[in-house]
Amino acid sequence: MIAAIGGAGGTGKTWLALTWAHHNSARFPDGQLYVNLRGYDPASPPLTVETALHGFLRALGVDPTAVPPDIDGMAALYRSLLAERKVLVLLDNARDAGHVTPLLPSGTGSAVLVTSRSGLPELVATRGAWPITLDPLTGFEARDLLAYRLGVPRLAAEPDAVAAVLHWCSGLPLALGIVIARATKASLTGLAVELSSAHTRLSALDAGAPPANLRVVLDTSHAALSSAAARLFRQLAITPGPDIGTRAAIAVAGPGAPVLLRELANAHLVDEHVPDRYRMHDLVRLHAAEKCGEAERDSALSQTVEHYLHSALACAEVMGHHRLPSVDRLPAPGSNPYRPGDMTAALAWTEAEHAALTAVVDLQLPGVSWQLPKALAVYHWRYGRLRDHMAMWTTAREVAERIGDVPALVQADTSLGDSHATLGDFPTALPHLERAVALAAQLGDLAAEADAHNALAWAWEGRRNHRKALDHARAAFTGYQALGKPHLEADMLNCVGWCLIRLGRREEGRAWCDMALALCEEHGHRDGAAHTLRSLGELELETGRYQEAVRRLQIASDLFALLQHSFAQAGVLARLGEAAHALGRDDLARSSWERALGLYRAQHREAPATRVLSRLASLS
């Protein structure tokens, strides 16, 4: 039996192997053999296989004069001596599989424990070794370790400091062990202060000798990498986001990135926590960032920003985005932007990369800080992620105001006002939107002015001021018509029609909505068609034409489902339930309300969820 215990430096591999050996010594009556192969020793070169074999033979009682002069001879004698014995062989701190293969005994009675920062895949593949990977401790495990070593009263005396220490050590046993060692002469509060700053964190995790110095331990892992993998390791610490996908890593390191990522994963410097996505332990990332030079930083950052921006634009286009931001430049060579084949692929990429895209916006780069939120608008609106949408635009607005980018400021105010209005916060929404209209007019930007009027129309509609809403809807429609933007023109035809319906001018409103639907069908604008069908369905519901209301709203719901527009679909399903209930079709009403309730809850929209829950209760 061979067990290959792998993990990053400082995860407790040697401790686990020695503890297991101690508790299982009775299973090996012929003894135990131990050697530190020094695969990652900062002060000494790795122990040679020849030296390790010579030591084992001496431990097995072979006279020095009888030890064969060559490695093959020593290995053969070693195996013959262990062939009929039950011995535990512990090969600690191996560099790679070649470092341990000659030290593996023959026969079935003996067992081998190998520890290494490498995953030793060759032993797993060719020798049937059992791979055991040590992950960082959980929060509870880390706290238990501190309590066991320092005592519960010590932890109780400094609870805030304990929480900070646990946070910054992130479950790494070596880091916790160093804190425990230093806590004999320092307060946990003082250690927590040192750990809280990125500038002093790694220096704080130094208890003196190299094995108890986290920076030195990580240095030896870094030094063992190939030059290309070491460069990628350093650059991954600079890339935005909590993890990185293979495609984005290719933007940093070129087509060879998948091989380099496997090397880093095998060295336990990155973790492939889901297929094709890699992350670093926080302390490892901090160490890698320390070692990254300015040129490497600039390259990693610029390439990943280019990758994320142009990939997001491509996905937005597939999702049917009709207000894509203008980006003057083409993707940088090698930035490897993703080109989705369909909407499902575009959604999957955006979901997977959303945290990284948020991190790119948080870099507060001029241009990119507003281009990305605009590219993500369709995704945010369709899936009810308005809080994320607003957070990005808040950052974008801060950047625009700081650098005096008035066009970007108009975009930010329009988007923030639209979002606040949708969430019912009209006192915050209206100043944003009125400022956006005024600034756009000063710039002479007809498209931005039309967008701001569009948002104001729906904001005033939300406040039930249908006349003001109608004025802004007409202004937006005129602007889009002059710009030759049929999709947006159709949206405002629907908005004008809806406002007229709300003002009691129902047949006039129906005519505008019918024009909107015809324009949507002419230009394949399915999103606009779904919204217009909802308006017409609401009209039929108000006028008591329940059969037609059900038909219109059912088609709208199906279209929104096809477009994966769950935010709008929730509202349509709620109204479909009302139409079905009025028609006496309580089975359809129940199923519609149940689906609406599920979507509202998934989007954390508590007020409409409560209303739908009440309607469901009325069916009981």
J.: With a 4.5 Å limit on heavy-atom distance, are the side chains of Val360 and Leu309 in contact?
T.: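 Counting from C-beta outward, Val360 and Leu309 never come under 4.5 Å.
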
J.: So, are Glu317 and Arg339 salt-bridged, with charged N and O less than 4.0 Å apart?
T.: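 Salt bridge between Glu317 and Arg339, a charged N being under 4.0 Å from a carboxylate O: no.
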
J.: Assess whether a salt bridge exists between Arg551 and Glu548, defined as any Lys/Arg side-chain N lying under 4.0 Å from an Asp/Glu carboxylate O.
T.: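 Yes, Arg551 and Glu548 are salt-bridged.
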
J.: We want to know whether Glu263 and Ser226 form a side-chain donor-acceptor pair, criterion being a heavy-atom distance below 3.5 angstrom.
T.: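 Yes, because at least one side-chain N or O of Glu263 sits under 3.5 Å from a partner of the opposite role on Ser226.
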
J.: Salt bridge or not for Arg397 and Glu401, using N-O below 4.0 Å?
T.: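 Judged by the 4.0 Å cut-off on N to carboxylate O distance, Arg397 and Glu401 do form a salt bridge.
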
J.: Check the side chains of Ser118 and Asp96 for a donor-acceptor pair under 3.5 angstrom, ignoring hydrogens and angles.
T.: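 Ser118 and Asp96 do not have a side-chain donor-acceptor pair below 3.5 Å.
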
J.: Can you find a heavy atom in the side chain of Trp393 that is under 4.5 Å from one in the side chain of Ser415?
T.: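 Heavy-atom side-chain distance check passes, below 4.5 Å.
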
J.: Have His604 and Arg387 got a donor and an acceptor in their side chains that come within less than 3.5 Å?
T.: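 The answer is no; no qualifying pair exists.
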
J.: Could you walk me through whether His268 and His281 pass side chain to side chain donor-acceptor pair (under 3.5 Å), step by step?
T.: CA-CA 10 Å; His268 294 101; His281 187 279; over 6 Å; no

J.: Only one of Asp282, Val284, Leu283 forms a side chain to side chain contact (heavy atoms under 4.5 Å, CB included) with Leu172, so which one is it?
T.: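 So the option named by the test is Leu283.
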
J.: Any idea how Tyr379 and Tyr383 line up, ring-wise: parallel (<30°), tilted (30 to 60°), or perpendicular (>60°)?
T.: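 Ring orientation, 0 to 90° scale: tilted.
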
J.: Is it the case that atom CD in Glu351 sees more than 12 heavy atoms from other parts of the structure closer than 6.0 Å?
T.: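 Check passes, neighbour count above 12.
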
J.: To the closest 0.5 Å, what do you measure between CG (Asp451) and NZ (Lys374)?
T.: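 One gets 5.5 Å once the value is rounded to the nearest 0.5 Å.
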
J.: Is the positively charged end of Arg605 above the ring of Phe567, judged by distance under 6.0 angstrom from the centroid and angle within 45° of the axis?
T.: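 Pair Arg605/Phe567 counts as cation-pi.
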
J.: Are any non-hydrogen side-chain atoms of Cys499 and Glu461 less than 4.5 angstrom apart?
T.: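 Cys499 reaches Glu461 side chain to side chain.
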
J.: Parallel, tilted or perpendicular, judged at 30° and 60°: which one describes the rings of Phe560 and His565?
T.: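 Rings of Phe560 and His565: perpendicular, as their planes differ by over 60°.
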
J.: In terms of side-chain heavy atoms, does Arg435 have a donor or acceptor partner in His432 at a distance below 3.5 Å?
T.: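 Side chains of Arg435 and His432: pair found under 3.5 Å.
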
J.: Does any part of the side chain of Glu538, heavy atoms only, come nearer than 4.5 Å to the side chain of Ser535, both counted from C-beta?
T.: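 Answer no - side chains too far apart.
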
J.: Under 30°, 30 to 60°, or over 60°: which ring-plane class applies to His222 and His287, parallel, tilted or perpendicular?
T.: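 Judged by the thresholds at 30° and 60°, the geometry between His222 and His287 is perpendicular.
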
J.: Is any side-chain heavy atom of Met280 closer than 4.5 Å to one of Phe233?
T.: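 Phe233 reaches Met280 side chain to side chain.
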
J.: If we only count heavy atoms from C-beta on, is the Pro373 to Val361 side-chain gap below 4.5 Å?
T.: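 The answer is yes; the side chains approach within 4.5 Å.
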
J.: Any side-chain heavy-atom pair from His525 and Pro486 closer than 4.5 angstrom?
T.: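 With C-beta onward as the side chain, the pair stays apart.
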
J.: If you measure from the Lys or Arg side-chain nitrogens to the Asp or Glu carboxylate oxygens, is any gap between Arg575 and Glu540 under 4.0 Å?
T.: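 Judged by the 4.0 Å cut-off on N to carboxylate O distance, Arg575 and Glu540 do not form a salt bridge.
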
J.: Below 30° counts as parallel, above 60° as perpendicular, anything between as tilted: where do the rings of Trp512 and Phe477 land?
T.: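 Aromatic pair Trp512/Phe477 classed perpendicular.
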
J.: Hey, does Tyr278 have a side-chain heavy atom less than 4.5 Å from the side chain of Thr246?
T.: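 Yes, close enough: below the 4.5 Å cut-off.
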
J.: Any chance you could measure Thr610, atom OG1, to Tyr600, atom OH, to the nearest 0.5 Å?
T.: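 Separation between the atoms: 11.0 Å.
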
